[in-house]
Each structure stands twice: as C-alpha cells, then as structure tokens.
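Just below is one structure, and these are the notes that go with it.
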Amino acid sequence: MDKNSGDAVLVEGLAKDIGSTRVLRGVNLRVRRGEVHVLAGPNGAGKTTTLRVILGLARRSAGRVLTLGVDPEARGFDAVKSRIGYLPEDAKPYERLTGWENLYFYALAYTGGDGSRARLVASRGAEIAGLPREALARRASTYSKGMARRLLLARALMHEPELAILDEPTSGLDVFSALRVRRLIRGIAGRGAAVLVTTHNLLEAQVIADRVTFIVGGRSLCTCTVADALERFSASNLEEAFVRAVGDAEGHTLEGAPRAG
Amino acid sequence: MLRAILWKELLELARDRRTLAAVVLMPLLGLPSMGLLAGTLYHEQVATLGVYYDDPQASGVAKWIASRAASEAGAQGLQLAVRVQRGEPEPGCCAVFIYLPSGFYSNATSISRRVIVYVGKVIASQAADAAYSVAQGVLGELSRSMAVERVEVLARAAGINVSPESVLSPLVVREYYYKPSGAPATQRERLAAQTARMLEFALIFVVNPAVVYVTDAIVGERERRTLEALLATPLGVREVVMGKMLASSFIGFTAALADTLGVLIFFDVLGGMGAVTPGLLALHALVSGVLVVMTAAIIAPIAARSPTTRSAQATGMLVLGVATLIYFAALFTDLFNLPAPIEAVLLTIPFTHAALAIQAYAVGAMLRMAGHIAFMAAVALAGAYAASRLVDPEKMVLLRD
C-alpha cells in the first residue's frame, strides 16, 4: 500500500508505447483498499495494457505507477506479487493438469514452494471455485468454458490477495455463475482487499463497482462513484453514463450518430 | 520456487504421451531403423548380370564368370540374377553385362596379347552398382589367374624358378595402426574409432527433442494462454524460464538415454559396422547429457525473446539445422584436422564440440576430449545466465501468434 494515499494502486500520467504506437497517453487511476474499482472502456481503449503495467508485465513509457506501494519495475516487486491475484481476460488453465493440480501449482508458487501450506491454499481455491470434487479430479481439458473460468478465478483469489486484478472476470459465464462471481468480488472487497475489474458489461459494473474509471483511446476520462457517474452524465444506468462519457470524448451521441458541430 | 515450475512441467510432460513416446522412440529407433532399413532394402534389391560371348571357345570362361558372380553375390547377400548367353548384349538387356568378344580365347591363351572384355552398366541404380562391383571382382580374379599362367610359362621358358606372387605382387603391405599419440591401436580400438563416427551422427537425435521441447515449453505457454497469469505470480520470469530449461534438460536426458540404447542396439544387436566399447558408450551418454543442457540453454533465451511464435520456431529449426549439418559432416570429416580458418569457424559453433569430444576420445586424446566437454558446459552455463538476464516478460506477454 502507498503509505501516503492508502491506495492499493496509484497510476499517474501513464503512457505506454508499443513499437511506434502510443497505446496509453495519460491514464490516471487510484484503487483504494476495500473497494471494487471498475476500469471501463471500449475495445482497444488500453484497459489490458494498463493492467499489465500495474502488474509489471509491461514497462511504462512515462508516468508513475505504484502497486501496493511498490514500483512494478523495481527490483523488489517480485516479493509483492504474492499479495496480488490476477485473472487475465483470455487465460486458460493447464489442460493436461486436473483442476486440483492447477490450483496446487499456483498455490506452490504463492507459498514459495511450501507443500503443506500450498495444499491449504489450494483447498481454499477449491471452495471458491465451487466445483464438485469429481470435477476437480478431472483434467481441465474436459471443462466447459464456465468451469474453466471459475477455476481460474479461484486460482487468482485463493491466496487471499490484498489486490485482485480481474480482466473481464464474468466473460463466458452463465447467469448463475456470473452472479456467484459478483458476490465473490463484493466479498473480497468486504474483507478489505482492493479489487480492480475491467468489464464490458457496465450493467454488471453498476452492481459491483464502488467507483469506476472510464478510459478511451488510451486516456482516462474520469473517475467517480457509480452514483456520481449517473448524476454527472444524467444517466439512468452506468451503460448510459459510459456511452455519454465516451460520446463526449469522441464526438458521438447516445444514439450513435456523430454530434453536430 | 523452481520446484513448483519443475513439478508442473514434468507433470504436464508425463501426461503428454505422444511427445514422450517421440522423445524416447525417435532416438531409440532412429539409428537402428536407419541401419535396418538401409541394410534390408539394400539386400532386397534385385539386379541382373548378363554374361555374353561371341567366341565359342569362351563359353567355358563365360560360365565360370557367371558361377563365380552368383557365388560372390550370395556371399554378400545381394540378389543377383545371372544369365549366360551367346551373342552380343542388347542395350538395356540387364543392369550389368560382361561381353567376351571374338578372339577372346586366343588372346587369353597368348603370352603376348592383351585380352579385351566389355562391361556395361545402367546408371542411377544402386543394384547395378552392386552388381558391377561383383563383376569387377570376378574379372579381377580372372585377370589374375591369366597373369599367373603367363608368369609360369615365362618362368619355364627362362628356366628359372619363380613364384608368380613375387612377380604379380612384389609389394607386400603389412598394416600397422596407431593413435595420433603414436601408441599402437588394437583392432578393437580401430573399430571403435569408426564407430565413433556413427555416434557423432546419432547426436542429431538428442538435439532434436531438446530444441523442439524448450521452444514449445516457452512459446507454447503463450499460445495456450497460460503465460500471462504465470508471469504475474511470485515465480517471476527467470524462474519460469529456468524451470522450463531444466524440464527440457530432463526430456533431453531421456532422449540421450534412449539414443545411447539405440546406438547399442545398432552396433551390438544388429551387428553394425563397428564396435561399441563401454567407455565409448559412457562418453556418448555424458556428451549427450551435456549437449542437451547446452542446447536448452542456447534455445531458451532465443525463444523467450523472439518477437513472434513463428520466429521462435524458425530460430529453433535454424539451430537444429546447424547441429544437423555439423553431425552429418562429422560422419565424413576429421573436424579437428581442417585448415585453421575453417576449424576456427567450426569451433565457434558449440555443437561442434560434442562431435570433437567423441572424436578426441576415439583417438585417445583424453585432455582434448575433456576440454571440449568443459567448453560445452561453459556454454550451457553462459546460456542459462543469459536466459535469466535477457528474458523480457513484456516480450513474452506481447509475443504475437
């Protein structure tokens, strides 16, 4: 945690070039402990790249980033990683391993290779996943998309991270599984952890988010609570607010037609 | 922390039966299969040898040539159909023909005239080459028996007692084999030196799985969408790459063991062309093991830094191609006995040292052998260091398919 701000994640003026393309051009983000913070934006807005920079998986070109109080590009960041849980958007489990083995492998990684502690952590993961014992004993290659996503979410959360970074966590889940995941996300924040979520489903974001940051074209537009967003953009729901926010930024109306003038 | 990644890699590998089977079966059966196939198919080829004659007095000689050729082909395990016929051979009558023209007999029984025999052979045929070799042997035998008769006639005319052998083979060659150090070499050592060539070639089967597996282990994580989450764990990119390198080495060691068994099968069970001594076998296993680690260490940083999946695979194939060329060249070339500029270039290629270590052992140059193995070990360490230092998580995550 950043001792001065109490923020689990602090991003200021983040810019990122990939090759000769500037994909981030000014992202500002603060994720507080105990909140669910939704990073919302259209495809290609720079959400995943922002997450990668926060996790130290990509270097920033400019700006300042602190993740749990540590610069992700600093030498000591590897030690911080055990306090973070990450679910990439397009992640898949190891298909040749069983569900349990998938959990156990990550538990070993989080516990520094301590087998007995890893078993406890993996058991917690099995509970979070909510998969039957028989399913956990099967290879992940036999899992449906929803089962695999639940397993991956459990893998990201089983070690009770201080910061959970979830890229489209309900993508591909059925209604019941999505509901379960939303409850889970709220539960993590309730325990005091910070949760940073990206999602295309802004109606879902409205249900789970404490605060939301809109990002368009590699630039963050605004950060506010859900209630503030609805008020600020005179919207009845977050989806409408988002469209208005993006429309303001890109010159489109809610109906999709270019704004006159 | 390496334990976790190693545990996962080996478990995944144990479940990947096809890869495991390929890793074991290819080196185990590669060399024996090549030997078996080449030997079996070679001997299954059928060639025809026609012995033609115009001179009626040459029919006896023609029949003798046919009989000797059939007998010699049988001894060599060749399928040779021999026929004897009066007249001139027609073009394309057979793979090889021998034609004894008119005047053959009178020339053969003369003391002063040379004897002409025509031999024809179809080109681009291994079977014809084999039949031609048999025909040459038989005609050589015939020529020698004529020479012996002529020497005896001349000796009688001169009234001297002379052995035809002393005239026809005045030079007696006594063979003496020794090592480069000057120490005498036994027959077994000589055979072992020849065997070493095949052992060097067999190293191809060890390099292959190491290259393929380490490339797949690193690039495959990205393709299978498992890499990004893994790199976000405390394992870190260096542990991930090192763990994969170690797992690849395990694969390679398995391949090396299978390769050593394959060599044993080729030489001792199939009765190949050399002799495998326990020392040579142990050295092959050692060199294979070090080679595997070295190969994994060379490929790991390259694969991890490749901008695209295809470029990683292409680079892996390039490395494999270089190794293959070296070990193929080692079949025919003394890699340690080339002009200095060529040798210098070859020595910069780490794979050369594996072949050189075996060649050095085969000629008893133990210090040189140890030097080559030490060089490979040093390259392996340098590669491992490079892998741990140069690997860039951003490149790995942003790697394009």
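Chain A is the first sequence line, chain B the second, and so forth, proteins listed ahead of strands; every chain is numbered from 1.
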- Task: To the nearest 0.5 Å, tell me how far A:Glu95 CD sits from B:Arg224 CZ.
- Result: 9.0 Å
- Looking at CD of A:Glu73 and CD of B:Glu394, how far apart are the two atoms once the value is rounded to the nearest 0.5 Å? 8.5 Å
Answer with side chain, backbone, both or neither: which region of [X] has an atom nearer than 4.5 Å to a non-hydrogen atom of chain A?
X: B:Glu239; answer: neither
X: B:Ile5; answer: both
X: B:Arg3; answer: side chain

- Check whether A:Leu87 gets within reach of chain B through its side chain, its backbone, both or neither, counting any heavy atom under 4.5 Å. neither
- Note on the structure: Whatever's closer than 4.5 Å to a heavy atom in chain B on A:Leu57 counts as both
- Query: For B:Phe250, does the CZ atom have more than 12 heavy-atom neighbours from other residues, nucleotides or ligands under 6.0 Å away?
  - Reply: no
- Item | Part of residues 8-23 of chain B lying next to chain A, heavy-atom separation under 4.5 Å | B:Lys8, B:Leu11, B:Glu12, B:Arg15, B:Asp16
- Message: At a heavy-atom distance under 4.5 Å, which candidate from A:Leu55, A:Asn102, A:Asp90, A:Asp78 has the highest pair count against chain B?
- Response: A:Asp90
- Message: Please find the pair of heavy atoms, one from A:Ala109 and one from B:Pro234, that lie closest to each other, and give the distance.
- Response: O-CG, 3.7 Å
- Message: For A:Tyr106 versus B:Thr226, what's the shortest heavy-atom pair and its separation?
- Response: OH-O, 4.1 Å
- Query: Would you say B:Leu230 and A:Phe105 make side-chain contact, with heavy atoms under 4.5 Å?
  - Reply: yes
- Task: Could you tell me whether B:Arg225 and A:Glu89 have a side-chain N and a carboxylate O separated by less than 4.0 Å?
- Result: no
- Query: So, are A:Arg52 and B:Glu228 salt-bridged, with charged N and O less than 4.0 Å apart?
  - Reply: yes
- Message: For a side chain to side chain contact (heavy atoms under 4.5 Å, CB included) check, start with the C-alpha distance between B:Leu231 and A:Tyr86, then their side-chain angles and the critical distance, and finish with the verdict.
- Response: CA-CA 10 Å; B:Leu231 292 181; A:Tyr86 176 44; over 6 Å; no
